[in-house]
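Shown next, in structure tokens, is the structure this report addresses.
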Amino acid sequence: MAMAELTTPKTTSPFLNSSSQLRLSSKLHLSNQFCHLLLPPLHATSTSKISCSVSQNNQAPVAVQDNGSVKTKKECYGVFCLTYDLKAEEETKSWKKMISIAVSGAAGMISNHLLFKLASGAVFGPDQPIALKLLGSERSIQALEGVAMELEDSLFPLLREVDIGTDPYEVFQDVEWALLIGAKPRGPGMERAALLDINGQIFAEQGKALNAVASPNVKVLVVGNPCNTNALICLKNAPNIPAKNFHALTRLDENRAKCQLALKAGVFYDKVSNMTIWGNHSTTQVPDFLNARINGLPVKEVISDHKWLEEGFTESVQKRGGLLIQKWGRSSAASTAVSIVDAIKSLVTPTPEGDWFSTGIGSDFDRIFFVLVYTNGNPYGIAEDLVFSMPCRSKGDGDYELVKDVEIDDYLRKRIAKSEAELLAEKQCVAHLTGGGIAFCDLGPVDTMLPGEV
């Protein structure tokens, strides 16, 4: 999976001393360094211009005409004022209430693919206006300006607000979705334990920020790796948000598993359903061919090479990301973005009965999918207080229910137990970040990081 741009932790909160924030929406507070972004609106006349008004008390900028008179509209700027401001025109009655979406690592490659899908309506629907709140680091703020400019130039009708900043306590204000992509990539020679600690500090701080300022029912999807334990850290630092609202991304793993089964069976991938990824997003993950279906039939009835299913299948899923890097020198940013879209859509849109997804959650029986969720109360005997990929059912209302009618044989249970043991060890490594006491890290000698994520 591709790694996004990092917000680096410091000795104190890495976010509380942010020096700059751009807002391309209502109630803007801009510093002089961002004035160059405030281009004249597309429909402005030749007698108007945009300028900045800056003071110590964060006075909002105002639009000034050439004759020096101040325009009456003071709460927005740029093309978002005249073209996309719901407050400036009668709200379209057929549209839904605007939702606010935060994206961390917003200047990274994954986000570069994802943001335009969000803004286009491909994720939340053609009648759902959105506001994008983009979180980056001090060193990425200029890149975030460029991202905001491209979003502005794209003239997405559904995109009503765009904010950028480096302080999660500002960016996460009242957000209803938080897509946490930004994380430090694992460099050569870095132990998994060190990565857990470094990224854990980032997600602990972001969890605190969400707890303090986000919507109380915010849905949180953690993409930055190691995503299972990062999600656990985040939820432990956000006690006011329901634990079941936190998820970690395994949809790309499931999409890859479907692809490999389709290739082996000689069918198109839409014939593969009920695919499960159990456990950790690592080499201990368990792509479940036992419960999967091809053309509605059990996989083992369609693919007679059972040795490949038990050995080659899992390996092909695990090594897909590394192989992609070998082929073109880049990690899987685009397919990761697509898998995030798939995960969200599993939450917000009903799908045909019987189809299974790797991410997204819901509360009824209209669909079946798989997502890394909190294990408390699970029916599979998996240890509680972990974030673990398990099968769920959804109606598309944002809640979920664990699927109980799945088959788990001795082969599958043994492999699930191995992934469970790894997550328990990771949890102990970050105990100092989750309120679990003194951290002790013993992850064993085997490197379980997925190929392509170093």
Side-chain angles (χ1 to χ4, degrees), residues 1 3 183-186 190-200 203-204 222-236 243 246-254 256-257 276-290 310-311 313-322 358-359 370-376 378 380-391 408 410-434 436-454:
M1 184 180 296
M3 283 295 182
K184 181 179 177 61
R186 184 185 179 194
M190 180 183 290
E191 297 291 335
R192 187 175 177 91
L195 186 66
L196 279 166
D197 182 62
I198 293 171
N199 281 336
F203 286 91
V222 175
V223 180
N225 285 312
C227 62
N228 295 61
T229 300
N230 286 342
L232 180 66
I233 293 168
C234 195
L235 76 86
K236 287 293 186 180
F246 290 81
H247 318 286
L249 186 73
T250 51
R251 185 56 175 268
L252 181 58
D253 300 315
E254 193 241 343
R256 287 170 170 171
T276 316
I277 301 293
W278 294 89
N280 198 7
H281 178 68
S282 74
T283 58
T284 68
Q285 68 176 230
V286 187
D288 179 4
F289 59 84
L290 181 64
E310 294 181 359
E311 298 175 7
F313 170 50
T314 297
E315 184 178 356
S316 67
V317 175
Q318 293 173 350
K319 292 186 175 181
R320 186 71 167 184
S358 295
T359 58
F370 293 84
V371 60
L372 284 162
V373 294
Y374 201 44
T375 54
N376 284 14
N378 78 87
Y380 317 113
I382 297 166
E384 297 199 342
D385 207 29
L386 297 174
V387 174
F388 201 93
S389 188
M390 298 183 291
I408 301 179
D410 290 341
Y411 169 83
L412 187 58
R413 189 175 301 280
K414 181 178 179 180
R415 297 189 63 202
I416 290 174
K418 183 177 180 181
S419 199
E420 174 191 30
E422 180 180 55
L423 283 171
L424 287 169
E426 288 188 10
K427 177 185 173 183
Q428 188 59 46
C429 282
V430 298
H432 60 300
L433 298 172
T434 62
I438 299 174
F440 173 76
C441 210
D442 182 15
L443 296 178
V446 179
D447 186 357
T448 61
M449 203 73 173
L450 288 170
E453 294 186 347
V454 179

Can you name the nearest heavy-atom pair linking [X] to [Y], along with the distance?
{"X": "Asn280", "Y": "Glu422", "value": "ND2-OE1, 2.8 Å"}
{"X": "Pro391", "Y": "Tyr380", "value": "CG-OH, 3.2 Å"}
{"X": "Ala383", "Y": "Glu420", "value": "N-OE2, 2.6 Å"}
{"X": "Ala257", "Y": "Val317", "value": "CA-CG2, 3.6 Å"}
{"X": "Cys429", "Y": "Leu196", "value": "CB-CD1, 4.2 Å"}
{"X": "Ala183", "Y": "Gly224", "value": "CB-CA, 3.6 Å"}

- Task: Apply salt bridge (Lys or Arg N to Asp or Glu O under 4.0 Å) to Asp385 and Lys236, showing your working.
- Result: CA-CA 10 Å; Asp385 207 29; Lys236 287 293 186 180; 2.8 Å; yes
Quick check against the 3.5 Å criterion: does [X] have a side-chain atom that pairs as donor or acceptor with the backbone of [Y]?
{"X": "Asn199", "Y": "Pro226", "value": "no"}
{"X": "Thr276", "Y": "Trp278", "value": "no"}
{"X": "Ser389", "Y": "Ile277", "value": "yes"}
{"X": "Asp442", "Y": "Ala425", "value": "no"}

- In this structure, CZ of Arg186 is separated from CD of Glu191 (nearest 0.5 Å) by 6.5 Å
- CG of Leu424 to CZ of Phe388, rounded to nearest 0.5 Å, is 9.0 Å
- Query: Which word best sums up how the rings of Phe289 and Phe313 line up, parallel for under 30°, tilted for 30 to 60°, or perpendicular for over 60°?
  - Reply: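 Rings of Phe289 and Phe313: perpendicular, as their planes differ by over 60°.
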- Task: Verify the distance criterion only: is there a donor paired with an acceptor across the side chains of Thr314 and Arg415 at less than 3.5 Å?
- Result: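 Thr314 vs Arg415: donor-acceptor pair found between side chains.
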- Task: Kindly check if the number of other-residue, nucleotide or ligand heavy atoms within 6.0 Å of CD (Glu310) is above 12?
- Result: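 Yes, CD of Glu310 has more than 12 neighbouring heavy atoms, counting only those of other groups under 6.0 Å.
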